[in-house]
Novice: 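Provided herewith is a single structure, encoded as structure tokens, for subsequent inquiry.
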Amino acid sequence: MKCLRSLLILIMIAVLMLPCMGAVAAEKPLQISYLGSLELAAGGSGNALKTRVNSTETGKISFTLTDMRSKTVVHSESRSGIAAGQEISWAVPYDKTGLSYAQPVKRMKAAFEMDGKTYTYNLYYRLDEDGKTICVEKTTWYPNNTACSFGPQFREVRPGLTDKWYMFTPIDLSIQGVQEYEYAASNLYVIGKVYVHVAGDQVTVTYQNFYETMGGNTQTQEEFFTFFPDLASVTDVNPETMGISGFAFGQPISIQNDLAGDTNVLLFVRNKVTYADYVTNSAKLTRFWINHPDRVMIRNEMLSRMD
């Protein structure tokens with residue numbers, strides 16, 4: 001008898017929940033899904049989004065694609081005779097307007113209006129390396145951001161020097177072999193690694209963007225790095241106004257001739273990159289939490305080794 005009462009209670013709970021479940025479903029009459037990345041050539045288009053209509057009153061749906069930088073509508077269309085349960089694929093057109101090497105990415109807002117309600121989805125148009133092809137993706141892009149190797153921040157150890165969150169890396173060049181450091185962009189994501197290779201009198205600095213040989217989503221616009229002998233000698237950290245060209249990545253530098261034999265130096269890397277929060281369409285970048293205990297420990301150890 002006790003089991004029967006329990007069963008009846010469960011049935012009553014399930015019945016009471018049915019209206020609530022229906023209300024939840026009614027809150028999302030339109031579902032938007034991403035169909036995958038596209039490569040569009042001039043004059044072309046391709047299906048980027050799919051909608052599923054769970055319920056509709058008017059049987060109509062309209063679609064607009066807006067360039068959020070210029071606030072202009074790139075594409076619009078409407079369809080009628082739409083029924084509940086129907087799935088529709090929507091095409092986006094090639095549009096190179098406003099895209100250039102300096103501005104290789106723009107955010108596009110796809111908006112679907114149905115029964116007086118608007119549902120949105122963000123897409124990103126990216127200019128491919130050939131300067132002609134448009135890649136359409138869902139990842140969030142960060143155009144023309146700065147990237148540095150991990151270490152203390154100038155603004156914290158030298159207040160007033162800069163308002164930028166630029167980092168520098170204290171290096172001991174007496175250590176032979178390869179030293180590697182995190183390579184962070186926007187003070188937000190770890191986008192790769194910086195390597196310092198010491199062989200005898202020569203030091204070579206290189207960097208790697210994650211998945212760069214496998215279609216990774218990082219593009220380098222500008223490169224710059226130099227060595228400072230100590231913190232007191234730093235008067236400017238803006239490569240555009242420093243009055244020096246810096247060194248070249250991948251090219252050997254003589255510690256004796258180019259760095260006056262100083263092996264206790266500060267490495268300053270300040271590149272400009274355009275990158276996405278997803279390294280590829282399936283792998284996301286790791287967030288750069290500068291105050292993570294492990295990074296605080298490494299940073300303090302770096303500061304203790306400085307001149």
Side-chain angles (χ1 to χ4, degrees), residues 37 39 68-69 96 98-108 122-155 162-169 180-196 204-227 236-242 244-251 266-290 295:
S37 59
E39 289 191 2
M68 297 305 293
R69 185 186 300 156
K96 189 175 178 289
L99 282 176
S100 64
Y101 182 77
Q103 295 284 350
V105 176
K106 61 182 178 180
R107 179 166 68 94
M108 310 290 275
N122 288 332
L123 292 171
Y124 291 84
Y125 271 36
R126 174 173 60 87
L127 188 65
D128 206 355
E129 294 179 357
D130 62 8
K132 300 176 182 179
T133 306
I134 300 296
C135 300
V136 182
E137 299 163 341
K138 70 172 182 178
T139 55
T140 301
W141 282 86
Y142 299 84
N144 296 315
N145 280 238
T146 54
C148 301
S149 58
F150 173 70
Q153 294 173 327
F154 283 112
R155 61 180 290 167
T162 180
D163 60 353
K164 305 293 186 183
W165 292 102
Y166 293 160
M167 295 181 290
F168 64 93
T169 310
E180 62 179 60
Y181 302 92
E182 288 181 318
Y183 180 45
S186 322
N187 206 39
L188 189 62
Y189 287 105
V190 180
I191 64 170
K193 289 186 177 181
V194 171
Y195 302 94
V196 179
T204 306
V205 179
T206 59
Y207 67 91
Q208 173 207 8
N209 297 316
F210 289 142
Y211 289 84
E212 63 185 353
T213 60
M214 301 170 62
N217 288 334
T218 300
Q219 302 172 1
T220 303
Q221 267 74 55
E222 294 180 14
E223 293 182 336
F224 178 88
F225 89 89
T226 191
F227 287 106
D236 191 357
V237 291
N238 185 348
E240 288 76 22
T241 58
M242 288 174 66
I244 60 174
S245 58
F247 297 104
F249 286 101
Q251 297 297 316
L266 310 179
L267 170 66
F268 176 44
V269 174
R270 202 235 59 179
N271 292 342
K272 278 191 177 181
V273 298
T274 290
Y275 71 99
D277 57 351
Y278 276 80
V279 188
T280 66
N281 285 326
S282 60
K284 192 170 185 178
L285 289 168
T286 300
R287 285 295 299 268
F288 178 69
W289 303 113
I290 194 166
R295 292 193 178 98

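We count residues from 1, following the sequence as given.
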Novice: Any side-chain heavy atom of Leu188 within less than 4.5 Å of one from Phe288?
Specialist: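 The answer is no, as the side chains (C-beta and beyond) never meet within the 4.5 Å cut-off.
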Novice: Strictly by modelled atom types, are Asn145 and Ser186 linked by a side-chain donor-acceptor pair under 3.5 Å?
Specialist: yes
Novice: Going by side-chain hydrogen bond (donor to acceptor under 3.5 Å, both in side chains), Tyr207 matches just one of Glu180, Glu223, Lys193. Which one?
Specialist: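 The option that passes is Glu223.
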Novice: Specify the closest pair of heavy atoms between Asn144 and Thr274, including all atoms of both residues, with the distance to one decimal.
Specialist: N-OG1, 3.0 Å
Novice: Taking the side chain as everything from C-beta on, heavy atoms only, tell me whether Asn209 gets closer than 4.5 Å to Tyr275.
Specialist: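 Answer no - side chains too far apart.
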Novice: Can you find a pair of side-chain heavy atoms, one from Phe268 and one from Phe224, that are under 4.5 Å apart?
Specialist: yes
Novice: Any side-chain heavy atom of Thr169 sitting closer than 4.5 Å to one from Val194?
Specialist: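 They are not in side-chain contact.
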Novice: So do the side chains of Asn187 and Gln153 get within less than 4.5 Å of each other, counting heavy atoms only?
Specialist: yes
Novice: Could you tell me whether Arg155 sits above the aromatic face of Trp165, with NZ or CZ closer than 6.0 angstrom to the six-membered ring centre and within 45 degrees of the axis?
Specialist: yes
Novice: Classify the ring geometry of Phe247 against Phe225: parallel below 30°, tilted from 30° to 60°, perpendicular beyond 60°.
Specialist: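 Phe247 and Phe225: tilted rings.
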Novice: Would you say the side chains of Thr220 and Asn271 form a donor-acceptor pair under 3.5 Å?
Specialist: no
Novice: Checking side-chain polar atoms at under 3.5 Å, does Tyr278 have a donor or acceptor matched by the opposite partner on Glu137?
Specialist: no
